[in-house]
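Report on one structure; see the data block that follows.
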Number of protein chains: 2
Amino acid sequence: MDVQRLELLRELADRGSVTAVALATHRTPSAVSQQLKVLEREAGLPLTQRQGRGLVLTDAGRALARSATDVAVSLAKATALWDEFRNHASGEVSLVTFPTAGQMLLPGVIKNLGPGLVLNCADEDPELSDFPAFTAEYDIVLAHSMSGQLSWAGRGLKVVPLMTEPLDVGLPVGHPLADRAWVGPRDLAGETWIGVTDGYPFERILHAIEQEAGAHLSMSQRFADLALIESFVIAGLGIALVPRYTSGGGQPGRLVLKPLRGVESQRQIVALMRPDRAERVAVRTVIEALQSEAAKVEQSHTAK
Amino acid sequence: MDVQRLELLRELADRGSVTAVALATHRTPSAVSQQLKVLEREAGLPLTQRQGRGLVLTDAGRALARSATDVAVSLAKATALWDEFRNHASGEVSLVTFPTAGQMLLPGVIKNLGPGLVLNCADEDPELSDFPAFTAEYDIVLAHSMSGQLSWAGRGLKVVPLMTEPLDVGLPVGHPLADRAWVGPRDLAGETWIGVTDGYPFERILHAIEQEAGAHLSMSQRFADLALIESFVIAGLGIALVPRYTSGGGQPGRLVLKPLRGVESQRQIVALMRPDRAERVAVRTVIEALQSEAAKVEQSHTAK
DNA sequence: ACGTCCATGTAGCTAGTCTAAAGAGTTCAT
DNA sequence: ATGAACTCTTTAGACTAGCTACATGGACGT
């Protein structure tokens, strides 16, 4: 019963193909195939099954892969323990983020990391991507979801909430609603909206506003990039839902943010990780830095 | 971070010497020493320390050994899972018992075990032995303790209670107390006792009786073997504390058992295991058989 | 039907882990 | 004190397990 082989099976469960596992583990596909075969012989029952030119796990294989995760977690805990004894968080941590969260949190995090800990960041457009899938490639995945709706719980991933960011209504200066302290769904009935591409969490809030206001919202454009959306709003081409903490960076004073009441309007920013990776000291250190940075951002805004 | 090496460290923590580990793992001491050295180099800090001609773990070493147990447990769970898929409990299980428990439980257990599962039993005299120490050598250790007093909890061992056996007062037929339904501490003040060797749990109950009765008990003999004690009682040389379910096997009808009231008088029979071994399907099967057998014994006596 | 993609066999090499034997330090008894 | 017994360690050499490289055999798409 070898751990390395179990780990290979787990990778196969996550990545879905022998070649992908081989690539990820810096081996040839042949080596992976051989080890899986040995594991299967040891187990005494088929763990994989050919499907087309690919390979899928059997029920038994999936079950074993799941318990392999527990093994990986306890192993990671052991190495974390010994890292703590030497007390230095060693190695590199990789992270993907969607643009706005990265802009808001990462600079502060990287500044506060001690020496010897390297954080490799990348960004991915969230619209076309499946956040959990990135956990195979990166140690930490920054994702967003609507409040409460943890769509990616239950896949065996560790989810660490970082912050809750309100989504405000962005208006150009001089807009009729710009003097109000806040706005409600009914106020927004006649407006033209600058929307975001499908799949974004914003989408659901707009639907909720439509329901509350009892009116259809007209959506003139659909963009993925926040700065682009804001420039349209400032130009008076419509109004938009924008995350409070990350908006207005480009052109301060030219965009007015109004809290939205009557509709749950916030997004939750979370960190997603494979449970074993979450145990690494270096990873935990980064997570803690993210949390404190997130708290700092939230506080600096509520203080205003 | 190799699991085998961690396992070696754990064995060292349990057994206390390189030679013992080597013996237990069917290796030469040299191999063990080398592997521990590698682990130490990987860890970057000393895990062991010479003491006399032996070797002891450092704090870091002990901590790592403890987390190695978690790894072993999750690994054992994984293999158990796959055993369940094949649903047969494979392999051999070793067990030590103290004589009376073995006599009471083991025959019934072995009869009810399915084929392919071999149970290797041994017995050890409990007086001179440290029950937990046997868990290094045997999968299951049958031990007894006073009720509630779990003296060997906290060493990281798994403790499964099997049964609670009352300790009665054994009298020869024709003894003045033989007609009573039960006896109390005061009834026993003037009696001569056949005692057991030091360290036995019986010891404490006798002290409790002394306290309650306010009298010193005279102890004429001290034996370890129950049958021997009983033969002395039957011969009228004294009275004794005997476990209700296991006594009288030799000479039925010649020994009278009276429940003892006013003093907590029972012993708990438990199974002790290393947590990782407790996860093995074969071991779990034996434990279940022990539990059901114990329940059967208890029931057959309360029914009378 | 052909090229492509994926998984799997085969042969040979490398690296890691074992044994065997000798060495160094500690304890105990004579 | 000196040697015998014990324990852990070191060294050198053998063996084995797992890897790469290359070749093979199905499955898909054009």
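Letters go in sequence order (proteins before strands), and every chain restarts at 1. In this text the structure is predicted, and so the values were computed from the model without any measurement.
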For the pair made of CG in A:Leu36 and C1' in D:dC19, what is the distance, rounded to whole Å?
-> 15 Å
Length of the line joining B:Leu47:CG and D:dT9:P, which is rounded to integer Å = 12 Å
Exam field: side chain A:Arg50 to backbone A:Leu55, donor-acceptor pair closer than 3.5 Å = no
Taking CD from A:Gln49 and C1' from D:dA27, how many angstroms apart are they, rounded to a whole number?
-> 16 Å
Can you tell me if the side-chain N/O atoms of A:Lys37 get under 4.0 Å from OP1 or OP2 in C:dG9?
-> yes
Verify the distance criterion only: is there a donor paired with an acceptor across the side chains of B:Thr25 and B:Arg15 at less than 3.5 Å?
-> no
Between D:dC8 atom P and B:Glu40 atom CD, what is the distance in whole Å?
-> 14 Å
Residue pair A:Arg267 / A:Thr100, side-chain donor-acceptor N/O under 3.5 Å = yes
Under the 3.5 angstrom rule, does the side chain of A:Thr48 hit a backbone N or O of A:Leu57 as a donor-acceptor pair?
-> no
For the residue pair A:Ala65 and A:Ala13, what are the closest heavy atoms and their distance?
-> CB-CB, 3.9 Å
Check the distance between C:dA15's C1' and B:Gln35's CD and give it to me in whole angstrom.
-> 13 Å
Roughly how far apart are A:Lys77 NZ and B:Arg66 CZ, rounded to 0.5 Å?
-> 14.0 Å
Which whole-number value in Å describes the distance from A:Asp2 CG to D:dT16 P?
-> 18 Å
Of all of residues 4-22 of chain A, which get a heavy atom below 4.0 angstrom from DNA chain C, listed by number?
-> A:Ser17, A:Val18, A:Thr19
Judged by atom type as modelled, is there a donor-acceptor pair below 3.5 Å linking the side chain of B:Asp139 to the main-chain atoms of B:Ser94?
-> yes
Check each of B:Arg10, B:Gln4, B:Arg5 against B:Glu7 using the side chain to side chain donor-acceptor pair (under 3.5 Å) test, and report the only one that passes.
-> B:Arg10
What's the CG-C1' distance between B:Leu55 and D:dC6, to the nearest Å?
-> 14 Å
How does protein reach along nucleotides 19-30 of chain C, written 5' to 3' as B (base within reach of a heavy atom under 4.0 Å), S (only sugar-phosphate), or - (no contact)?
-> BB----BBS---
Please report the shortest heavy-atom distance between A:Ala143 and A:Phe98, naming the atom on each side.
-> C-CE2, 3.5 Å
